[in-house]
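Inspection log for the structure reproduced underneath, given as C-alpha cells.
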Amino acid sequence: MGKLKLNINDVTPWVTKEEINELADAATMANMALHDGTLLGNDFLGWVDLPSSITESQIEEIEKTAIHLRTHCDVVVVVGIGGSYLGAKAVIDALSNSFDWLQDKRKNPVILYAGNNISEDYFYELVEYLNGRSFGIINISKSGTTTEPALAFRILKDKLEREVGKEESRNRIVAITDASKGALRDLAMNEGYKTFVIPDNVGGRYSVLTPVGLLPIAVAGINIRLLLHGASEIEKETSRDASFKNNLAAIYAVTRNELYKRGKKIELLVNFHPKLHYFAEWWKQLFGESEGKDNKGIFNASVNFTTDLHSMGQWIQEGERTIFETIISIEEPNKKVKIPHDELDLDGLNYLEGKRVDEVNKMAELGTRIAHVDGGVPNIVITIPELSPYYVGQLIYFFEKACGISGYLLGVNPFDQPGVEAYKKNMFALLEKPGFEKETEEIKRRI
Ligand code: PA5
C-alpha cells in the first residue's frame, strides 16, 4: 500500500527547513499533549485513538444498520449541521460516482442532506423530491438541541409519518446523539428509534470516524473498514512518540503556523478534482472552528481547480500577498479517458491525441503551482496515490492530527467553538424563544 506524502519544498524562501526544524520540539510536545491530555480541551480528545479503538462489534452494528436502511429506502436524508454532516458528505462525494444519483438503475440509495440551512425553498424542494419515494432519515446532533437539524427533522418526520405511518417510520429513522442528554435523545427514547452514541469526548468536527460519519458513509455503499484502516495507518505514524521527521501532520502544522507568522494569513485548500469540493468544506470547518479564536487564526478557504483558475485565479496570482496554498494531489485517477483524434483538428487539440485527460490535468496542476509560487504564494502539497476509502481515511486523520497540533502551537483551545453561540443568541432573541425575554427586549431596541 502507498502512503500520503507531504512536500513543503515550495514554502521556501518564506520559511526555511531550518526554521521549521527549530519548532520540532514544540510540535512533538503538542502531539504528546494530544495523547496525554495535558493541554487545553483535554476532555475532547476521544478522536485521537478512534481508528484503532473502534471495536468489531461497533463496526458490525453500523454495517447492519446501513444494510437495513439500504434495503428499505431509495433515499436517505442525513439531517445535521457542521460536524454532524460535513464529514459524511466529504467522504461520500469524494468516493461516489459523480453522476450516480442521476441514474435510474442505482446500486446505492440517493443520499441527501437537510438541517444544514434554514432555506424555505430548500425545504419545499426537498419535500417535493421525496414525494412518492421511499425515504429514511439519519438524524444527527451531538447536543441534540441545534435548531437547524431539529427543524428539518420535525418537517421530515411529519412527512414520513403521514406517508408510511408511525410504525414504519420507526423502521426508517436512526438517531445519532449524546448517550443520555439532549432533546434528540429524549425524542429517540420516546419514539423507540434505533440510536448510536456520539462519545462525550469527541467534538462534532472530529466525529467523522464515529457513527456520525460512518453510518451515512456505509449507507452510501462505501467500505468503512478501509476508511478506518487508512486512518489507523496515520494514527500509528503520528503516535505519541513519533519523531518530528516522521510525523507529517506535525510538519504540516509547523509549516502553516510559520507561514502565518510571516503574514500568510489565508490558507487555500486546493483540489483538481470536483469530487473533493466537500472535502474542503469539511477541512474548512475543522481548521476554522478549531483555530479561529482569541482574535487569531489562519482564515481557511478553498478553491476547485481548474474551475476557479478562471475566477479566483487572478486574485491568487496577483492580489494581496497574504495567502498560501495547500494542494491535495491525486497521483492516479480511478478511471481512464483518452483524448480522441479529430480529422479537421479545428480546435487545434490533435497534439494531445492519445493522451489521458489526467496528463493534461497534471500539467495544469504543475503549471499552476509554478505560477503561484513565482507570484508569491507558498505551496504545500499533500499527495495520495488514489481516491479510495483507504487514502481518504489517511487524509482525514492526517488533517485532524495536524489541526490539534497546529491549534496548540497557535496557543488556542482547538476543541471548543464559543463564537458559534453569538448568532444563536440573537436568533433566539429575535424569534422570542421562551427564556430569552431579556435578550429579546435588548435586541429589539437595536433594530
Ligand atoms: O464541531 C462542532 O462541534 C460543531 O460544528 C457542531 O458539529 C455543530 O454545531 C452541530 O452541533 P450538534 O451536533 O450538537 O447539532
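We're numbering straight along the sequence, starting at 1. Computed from a prediction, not measured in an experiment: that's the story for all the values here. Both ligands and their constituent atoms are indexed starting at 1 by order of listing.
Ring centers of F324 and Y260: at least 6.0 Å apart, outside the cut-off. Ring centroids of F287 and W283 are separated by less than 6.0 Å, placing the two rings close together.
Heavy-atom contacts of S84 reach the following atoms of ligand 1: 7 (O), 12 (P), 13 (O) (cutoff under 4.0 Å). For ligand 1, the atoms lying closer than 4.0 Å to a non-hydrogen atom of G204 are 1 (O), 2 (C), 3 (O), 7 (O). Within ligand 1, counting atoms from 1 as listed, the ones closer than 4.0 Å to a heavy atom of G83 are 5 (O), 6 (C), 7 (O).
Using a 4.0 angstrom heavy-atom cutoff, Q285 counts as in contact with ligand 1. Remark: distances from the non-hydrogen atoms of I81 to ligand 1 include one below 4.0 Å.
When distances from atom 11 (O) of ligand 1 to the protein are checked, a heavy atom turns up under 4.0 Å.
Among all non-hydrogen protein atoms, the one lying nearest atom 15 (O) of ligand 1 is T146 OG1, 2.5 Å.
Ring planes of Y193 and F153: perpendicular class, angle over 60° (limits at 30 and 60°).
The backbone N or O of D186 sits nowhere less than 3.5 Å from a side-chain atom of N190 that would complete a donor-acceptor pair. Formation of a donor-acceptor pair under 3.5 Å by the R172 side chain with backbone atoms of I137 is not found in this model. Using a distance-only test at 3.5 Å, with no hydrogens or angles considered, a donor-acceptor pair links the side chain of N300 to the main chain of G288.
One option in G288, G182, G144, S143 has a heavy atom closer to atom 14 (O) of ligand 1 than any other, and that option is S143. Around atom 4 (C) of ligand 1, the closest heavy atom drawn from E289, Q417, R205 belongs to E289.
A cation-pi arrangement is present between K194 and F196 under the rule of less than 6.0 angstrom and at most 45 degrees off the ring axis.
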